[in-house]
Amino acid sequence: MRLFRLTLALVVALPLVTATASVASFRERVPIALTGVLPAVADAVPAPGDDFQITEDTVIVGSGDVAGQLAAILRPATGFVLPVVTRPSRNAVLLRLEPGHGDEGYRLVIRRESVELLATERAGLFNGVQTLRQLLPPAIEADVPQRRQWIVPGGTITDRPRYAYRGTMLDLARHFPTPDEIRTHIDRISRFKINHLHLHLSDDQGWRIRIDAWPKLTEIGGAPGTGVGGHGGGFLTKQDYRDLVRYAADRNVTIVPEIDMPGHVNAAQTAYPELTCDGVAPRRRTDMRVGYSTLCVGEEVTYRFVEDVIRELAEMTPGPYLHIGGDETFATSHGSYLAFQRRVLPLVHKYGKIPYGWHEIGQSPAATGAVLQFWGRERNHPSVATAVAAGAKLIMSPANRTYLDMEYDLLTPGGLDWAGAIEVSTAYGWDPATLLPGIPEPSILGVEAPLWSETLRTQDDIEFLAFPRLVAIAELGWSPRATHDWNSFRARLGAYGPRWVRDGVRFHRSPEIRWF
Ligand code: TNX
């Protein structure tokens, strides 16, 4: 339907645009600065006056799918044909792979005659396209042709990420969004070079991923009414999941699946009472309490269950990480917790994945090859430092900085407050490298902003809490520390507002930002 409307609009409006091009050329010749991009680029050297203009004769030169993605971004608002060709040409945007730019880095050389986007990997080209998109005026986000000039400011951008892992999380257990809503979210996060989407697939309220060996997990644990307060419910089929993995990969996003254990398992136990120590099915619970459920650590059936789940998840997950939760296990004794991790962490390795868990898993000596997600607030975490010294890696998600489900302030709707209110400046004002003492920078893989969904029901709720704060976390993860500057960030964020408006994103109009 959307495609049909778009095509129709193109056919109707194309002649109009051509006829009025000369009128438009008198207006709006104000290129955006090379340094206006979110997240901030590592290096920009402007070449004033050497701007490139996209015209109806411009071609896109490239042989991979990213060239097609760029054309698809530019066609609706420009109304131009922008053919994708493989032979070099004049008046072109050229995409080319060559060594020397790093895994995700790229160089963008903008001159009057052409734009060259160079990268070593497809991921770098994708990132360069996100930058190029922001160098065009916000009207480029329109889905029907706009009467104006399309100027890209002259100069050279050389850019690469500070951290390899820049993530966010959706909690599908407390509220289950549709796969289409997840896809829309992937579109929005990938604009900011976020490259991992962690899916919290199970919790006390619901189980959201089909496991063939244990079908009642989703039949019962994912039934209608299993969201918080009895709202929503549902689950991903394996096909849904695989489709999401592919959709995300096209946008340089790796899906990280999480099954939370040994706590947060009430939904699994309502489906399979043998997973409790007394064999009695607990009552279904959709309240917001945490920490009351636990797998029965001494029973063999527990490990058959865990191994089946890990094996099936690993089979459908091409990314390197498999998240096994491990948080808030108040119903599991310390000894049982360690006994559980001693058996489960190696299972993740057995199926070819890197175990990833909330930082509590760092208490286990078996966590040396694991990734810990730090979600604490305090600066001193001896067990985290010890695990890192023994070889574990860290992803930084301090709750009082990165938790997207915390309220912005006392007045904004939605969200919780246990880690405090998090306005944009709070989300932006810290350094992942120095937050925890005694952690060498190479041990830090990156940052992640989790969005727990206890108070969320709709896509609007997700967007309101995620944007603009997620962009602050994206910048901490991507941009060199030397670019860190609140005044620059808030100016760039304010200028981004019109793009979200065009896109129908219901972002929080933070009073800290002067919105355009
Ligand atoms: C703590 S943070 C949790 C989740 C809740 C969240 C709400 C963490 C690892 N666990 O179970 O949803 O707080 O903010």
Side-chain angles (χ1 to χ4, degrees), residues 167-177 198-208 221 226-229 231-232 256-268 285-295 321-332 337 340-341 355-364 367 370-378 381 383-384 387 394-408 412-422 426-427 435 447-457 461-462 464-466 469-470 473:
T168 187
M169 186 197 87
L170 283 180
D171 170 6
L172 307 196
R174 275 58 173 270
H175 164 74
F176 184 69
H198 167 182
L199 297 178
H200 184 75
L201 292 166
S202 70
D203 215 299
D204 289 317
Q205 296 83 350
W207 185 286
R208 308 293 179 213
T226 51
V228 162
H231 287 271
V256 180
E258 177 191 352
I259 295 298
D260 204 349
M261 50 195 172
H264 294 266
V265 292
N266 196 65
R285 284 184 59 168
T286 60
D287 59 277
M288 289 167 44
R289 286 273 312 283
V290 294
Y292 59 82
S293 61
T294 180
L295 290 171
Y321 305 113
L322 200 147
H323 199 304
I324 52 170
D327 58 317
E328 299 172 326
T329 48
F330 312 136
T332 321
Y337 187 83
F340 181 80
Q341 297 300 357
Y356 181 15
W358 300 106
H359 69 248
E360 288 95 321
I361 69 165
Q363 299 163 47
S364 167
V371 175
L372 315 185
Q373 183 164 17
F374 176 74
W375 64 280
R377 283 169 282 175
E378 317 89 295
H381 263 258
S383 76
V384 171
L394 258 196
I395 288 181
M396 299 300 293
S397 300
N400 54 338
R401 302 286 189 172
T402 70
Y403 267 36
L404 299 175
D405 64 315
M406 291 302 118
E407 60 190 19
Y408 285 95
T412 48
L416 304 173
D417 61 6
W418 63 261
I422 305 181
T426 304
L435 187 85
V447 290
E448 180 178 302
L451 178 50
W452 300 98
S453 63
E454 283 93 334
T455 67
L456 311 184
R457 299 254 173 95
D461 295 341
I462 292 177
F464 183 77
L465 289 175
R469 283 183 290 195
L470 179 56
I473 305 306

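First listed ligand is number 1; within each ligand, the first listed atom is number 1. For clarity, every value in this text was computed on a predicted model and none was experimentally measured. All values below were derived from every heavy atom in this structure, side-chain atoms included, with hydrogens, water molecules and symmetry-related copies excluded.
- Contact annotation: Met288 has no heavy atom less than 4.0 Å from any atom of ligand 1.
- Among the atoms of Asp405, some N or O lies under 3.5 angstrom from an N or O of ligand 1.
- Pairing each heavy atom of Ala173 with each of Gly206, the nearest pair is CB-O, 3.8 Å.
- Partners of Glu407 according to the salt bridge (Lys or Arg N to Asp or Glu O under 4.0 Å) rule, which considers only residues two or more places apart in sequence or in another chain, do not exist here.
- Within the structure, ligand 1 has His264 among the residues with a heavy atom less than 4.0 angstrom away.
- Proximity to Trp358 (heavy-atom distance under 4.0 Å) selects the following atoms of ligand 1: 9 (C).
- The closest side-chain heavy-atom distance from Leu435 to Pro398 is below 4.5 Å.
- Shortest non-hydrogen contact noted between His264 and Asp327 is NE2-OD2, 3.2 Å.
- The option with the heavy atom closest to atom 8 (C) of ligand 1, from among Asp327, Leu416, Asp171, is Asp327.
- The shortest N or O to N or O distance between Arg174 and ligand 1 is under 3.5 Å.
- When hydrogens are left out, the protein atom nearest atom 5 (C) of ligand 1 is Glu454 OE2, 3.3 Å; that is the closest non-hydrogen contact.
- At a threshold of 4.5 Å between non-hydrogen side-chain atoms, the residues His200 and Pro450 do not count as touching.
- Residue-ligand proximity, Met406 to ligand 1, at heavy-atom distances under 4.0 Å covers atoms 14 (O).
- Under the 4.0 Å criterion applied to side-chain N and carboxylate O atoms, Asp287 and Arg289 are not assigned as salt-bridge partners.
- Distance from atom 2 (S) of ligand 1 to its nearest protein heavy atom, with residue and atom name: Tyr403 OH, 2.6 Å.
- Put simply, the side chain of Tyr403 does not reach to within 4.5 Å of the side chain of Leu416, judged on heavy atoms.
- Considering backbone and side-chain N/O of Glu328, one or more are found under 3.5 Å from N/O of ligand 1.
- Listed by atom number, the atoms of ligand 1 under 4.0 Å from Trp418 heavy atoms are 1 (C), 7 (C), 13 (O), 14 (O).
- Contact detail for Leu470 and Ala449: the closest heavy-atom pair is CD1-CB, 3.8 Å.
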